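Read through the structure below, which is laid out as structure tokens, and then see the notes.
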Number of protein chains: 2
Amino acid sequence: MTGKTPRRAVTIKDVAAAANVSRATAARALNGYGYAGEAVVKRVAAAAAQLGYRGNRVAQALRQGQMPIIGFVPGDIQNPFFARIAHDIDGQLRGSHHNLIIASSEESETQEQELLESLRTLNLRGLIVAPASSGENAHLHRLVAEHYPLVLVDRVVPDLPCDTVSVDNAGGAQEAVTYLIRHGHRRIGVIHDESRIVTAQERLAGYRKALVDAGLPVKPELMVVSQSTVEHAIDATIRLFNQRERPTALFTLDSLMTTGALLGLRTMGLQVPQDVSLVGFDDFAFATFTDPQITVVSQPVGKIGALAVRMLMDRISGHDGPPRHTRFPTKLIVRGSVAHVANP
Amino acid sequence: MTGKTPRRAVTIKDVAAAANVSRATAARALNGYGYAGEAVVKRVAAAAAQLGYRGNRVAQALRQGQMPIIGFVPGDIQNPFFARIAHDIDGQLRGSHHNLIIASSEESETQEQELLESLRTLNLRGLIVAPASSGENAHLHRLVAEHYPLVLVDRVVPDLPCDTVSVDNAGGAQEAVTYLIRHGHRRIGVIHDESRIVTAQERLAGYRKALVDAGLPVKPELMVVSQSTVEHAIDATIRLFNQRERPTALFTLDSLMTTGALLGLRTMGLQVPQDVSLVGFDDFAFATFTDPQITVVSQPVGKIGALAVRMLMDRISGHDGPPRHTRFPTKLIVRGSVAHVANP
DNA sequence: ACAGCATGTGAGATCGGTCTCCTAGTGGTT
DNA sequence: AACCACTAGGAGACCGATCTCACATGCTGT
């Protein structure tokens, strides 16, 4: 060990020289295409093994026009929902000799744009994106226009002609709120975020529809805005329940907000479900951990990543049909956080 | 829209042609090195903007020998601890024009090997790894021997000469168990995994040391093995507490096991801290969520990723000193899950 | 007027593979 | 003996960007 080996990788040229053949022949022998004599194949393989040849995927990618990599741009990798999807994508990809590159947009539109731009120039095979915004999204439209393989997960952008995998947010929310109404609740609060994010919009729409269908008024004072973090949700909950006429029930739009609501209610000394009934969108590990356990709208998280990959691979291998949209149904999981209230 | 635009990217050749200069000049104008006339620079810039030129990072990478990407190989991206670190790495990397590629080893040694092999051939700038095993790790040794920039996080491999960022697992565990001993506990159970993973080994060593230092026996029947999942930890807890002479306290080696222990104890009808005192390694969102809140050994998670990136960047930019090892101290966060017991 | 220098630009090599095209040798057929 | 089919392997183009080198200006100083 002389200490500083300047780390020069073994190239196919080295292998060819060692096996005493040309680069072309070495490549043929290693990759098993075209004609290659048995003796030569053996010699080349031996030389490659001996030198520890590993090929250079960058060079291969340049020649072939793309990298055997697909990109995933979630809203936030720390969100267990996206972590799970990332995990599933990774699993589904394994074996197809593709790597996964994860780059979180941190729910920032501009960051998302930069990331997509950056990933595009890497010549990835395709992208799976959960767009941070439902707004303009010119960058996504551009990708689609270029026929760049793209699948949207969780968040659907209206009018963007590409494959999507999502869940029935409106339906799930509607079911949850209807369930509360059936238990006699009339003043049902909701914590939602500013709803640049499509899923939040859809869930809020479901909340509205449930009320309207039941002939109940949609009251602005029952709808408080919060960012999707535990801390902000705590504040929002306290604001909501500090009103003169309190809600008797609360619906939260994602698991972080559900957590925040729970903590906020506890801070205020309000008991679930005696004082307040609670239903949250999105099941989460600790919903069964509390006392009482929380009633939630659960999404089939485990199916989303796998299906997205299948759709993407389909596109990559040339499928050129019209955009396909899959919406998984949600399921109301009844636990113990909702109580009946009497109506005067 | 004819429908099928075969997506041919704009190359520098196109830009050069449009600006009526040579490729070399176009490159100079765009990258601002060497001489370039003002008028030409403008013309080229205009042409590039007009055509939507974006450069091809694969080609650049081939020419320059490496990709502006660093890789992160965590044990499990679904583990909030690693998700947080991934998030921090990403943040720290942003602005230095590097992308992050995350590829989870799923705690499998062979998968880790394949991933590293695969990432190596992508000519990444460097790697941040949390090795799945403390065993042989020939693949890691090979990387180090090749002077491939490598930083280990969370899990230190003995004798591997590379930079590491970890926490004081032994010390933290020792502090936790000593804390239990001071509260009068003599039969202290521990749930640990098979400990291929270094952190688990170190934490278990801390448990042992605390007992030995206090002159207490280390009893095998108080140490149960469980995989690091909630489900397995529930089983392990039940096994542990089904013994004739029950432990009065329990120490768990990570947050998933703490969760499992809590659920297991609840199933058995045992109250924390009245029947059993509990301390967990690693703080987690829901430790403050339970009643009582859980006393834990917390790690400075937020510092690990950022420091790892700084160390890695340092190596990438040529630093060639001896391996540096940072161990962050842990902190015992006292909440309400430990009670005093009287000793006969 | 001409050397000497700073400046601007193009031709072509290069990175490490892949792949097309071409040549050469072998064996079989007529 | 002439021809063809087929196998084996080499030469060199190519992917897209960068960079060295050479060349062509125009300007200054003597």
Side-chain angles (χ1 to χ4, degrees), chain A residues 6-45 47-48 51-69 97 118 120-125 146, chain B residues 6-45 47-48 51-69 97 118 120-125 146:
Chain A
R7 173 151 81 95
R8 228 220 18 112
V10 180
T11 74
I12 201 165
K13 214 166 154 185
D14 303 323
V15 175
N20 220 10
V21 294
S22 71
R23 278 155 47 243
T25 304
R28 267 191 297 256
L30 288 172
N31 301 322
Y33 68 92
Y35 293 112
E38 220 178 300
V40 170
V41 170
K42 264 192 194 149
R43 244 189 312 146
V44 171
L51 296 173
Y53 173 73
R54 279 179 191 98
N56 179 331
R57 291 216 279 155
V58 174
Q60 293 170 353
L62 176 59
R63 184 69 231 263
Q64 303 186 325
Q66 58 205 170
M67 287 287 238
I69 293 183
H97 292 289
S118 167
R120 227 184 55 76
T121 62
L122 277 176
N123 287 346
L124 305 192
R125 281 289 225 292
E146 288 173 11
Chain B
R7 173 152 83 92
R8 231 226 5 119
V10 180
T11 74
I12 200 165
K13 213 165 153 185
D14 304 322
V15 175
N20 219 10
V21 293
S22 71
R23 279 154 43 244
T25 303
R28 267 191 297 257
L30 288 171
N31 301 322
Y33 67 93
Y35 294 110
E38 220 179 300
V40 170
V41 171
K42 264 192 196 151
R43 242 190 312 146
V44 172
L51 297 173
Y53 173 73
R54 275 172 195 107
N56 178 330
R57 292 216 281 156
V58 174
Q60 294 171 349
L62 175 59
R63 185 71 232 265
Q64 306 187 322
Q66 60 207 170
M67 287 287 236
I69 293 183
H97 293 289
S118 166
R120 226 183 57 75
T121 62
L122 277 176
N123 287 346
L124 305 193
R125 281 288 225 292
E146 288 172 11

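Remember, it's a predicted structure, so these values are computed and weren't measured experimentally. Chain identifiers are assigned alphabetically (A, B, ...) following the order of the sequence lines, protein sequences preceding nucleic acid strands; residue numbering begins at 1 within each chain.
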Exercise. Taking side chain as C-beta onward, heavy atoms only, is B:R57 less than 4.5 Å from A:S118?
Worked result: yes

For this session: With the side chain of A:Y33 defined as its heavy atoms from C-beta on, choose the nearest nucleotide among C:dC19, D:dG16, C:dA13.
Result: C:dC19

Exercise. So does A:R23 reach the base of C:dG17 with its side chain, donor to acceptor, closer than 3.5 Å?
Worked result: yes

Exercise. Between B:Y35 (OH) and C:dG10 (P), how many Å, whole number?
Worked result: 17 Å

For this session: Send over the distance from A:L30 CG to D:dG9 C1', rounded to a whole Å.
Result: 15 Å

Exercise. In whole angstrom, what separates A:N123's CG from D:dG16's C1'?
Worked result: 10 Å

For this session: Specify the residue among A:V21 and B:V58 whose closest nucleotide of DNA chain D lies further upstream toward the 5′ end.
Result: A:V21

Seminar exercise, completed: Here the gap from B:Q66 atom CD to B:R125 atom CZ, rounded to the nearest 0.5 Å, amounts to 4.0 Å

Exercise. Which nucleotide in the list C:dT9, C:dG16, D:dG12 gets nearest to the side chain of B:V40?
Worked result: C:dT9

Exercise. Looking only at side-chain N and O atoms, does A:S22 come under 4.0 Å of OP1 or OP2 in D:dA11?
Worked result: no

Problem set entry | Spacing between A:N20 atom CG and D:dA8 atom C1', to the nearest angstrom | 15 Å

Exercise. D:dG16 C1' sits how many Å from A:Q64 CD, rounded?
Worked result: 15 Å

Seminar exercise, completed: A:M67 atom CE is separated from D:dG16 atom P, nearest whole Å, by 15 Å

For this session: Would you indicate whether the side-chain heavy atoms of B:V40 and B:R28 approach each other to under 4.5 Å?
Result: no

Problem set entry | Sugar-phosphate only, base, or nothing, as touched by A:V44 at under 4.0 Å among non-hydrogen atoms | nothing

Problem set entry | Presence of donor-acceptor pair under 3.5 Å, side chain of A:R28 and base of D:dG10 | yes

Exercise. Between C:dG16 and A:Y53, is there an OP1 or OP2 to side-chain N/O distance shorter than 4.0 Å?
Worked result: no

Exercise. What is the distance, rounded to the nearest whole Å, between atom CD1 of A:I12 and atom C1' of C:dC15?
Worked result: 14 Å

Exercise. For the pair made of CZ in A:R54 and C1' in C:dG17, what is the distance, rounded to whole Å?
Worked result: 17 Å

Exercise. With side chains defined as the heavy atoms from C-beta onward, is the minimum distance between A:N56 and A:T11 less than 4.5 Å?
Worked result: no

Exercise. Of all the choices, C:dT9, C:dG17, D:dC19, which nucleotide is nearest to the side chain of B:A24 once you look at every atom?
Worked result: D:dC19

For this session: Could you check whether A:G55 gets within reach of a base, just the sugar-phosphate, or nothing at all, counting any heavy atom under 4.0 Å?
Result: sugar-phosphate

For this session: Compare all side-chain heavy atoms of B:L30 with those of B:I12 and state whether any distance is below 4.5 angstrom.
Result: yes

Exercise. So what does A:A36 touch, heavy atoms closer than 4.0 Å: a base, only the sugar-phosphate, or nothing?
Worked result: sugar-phosphate

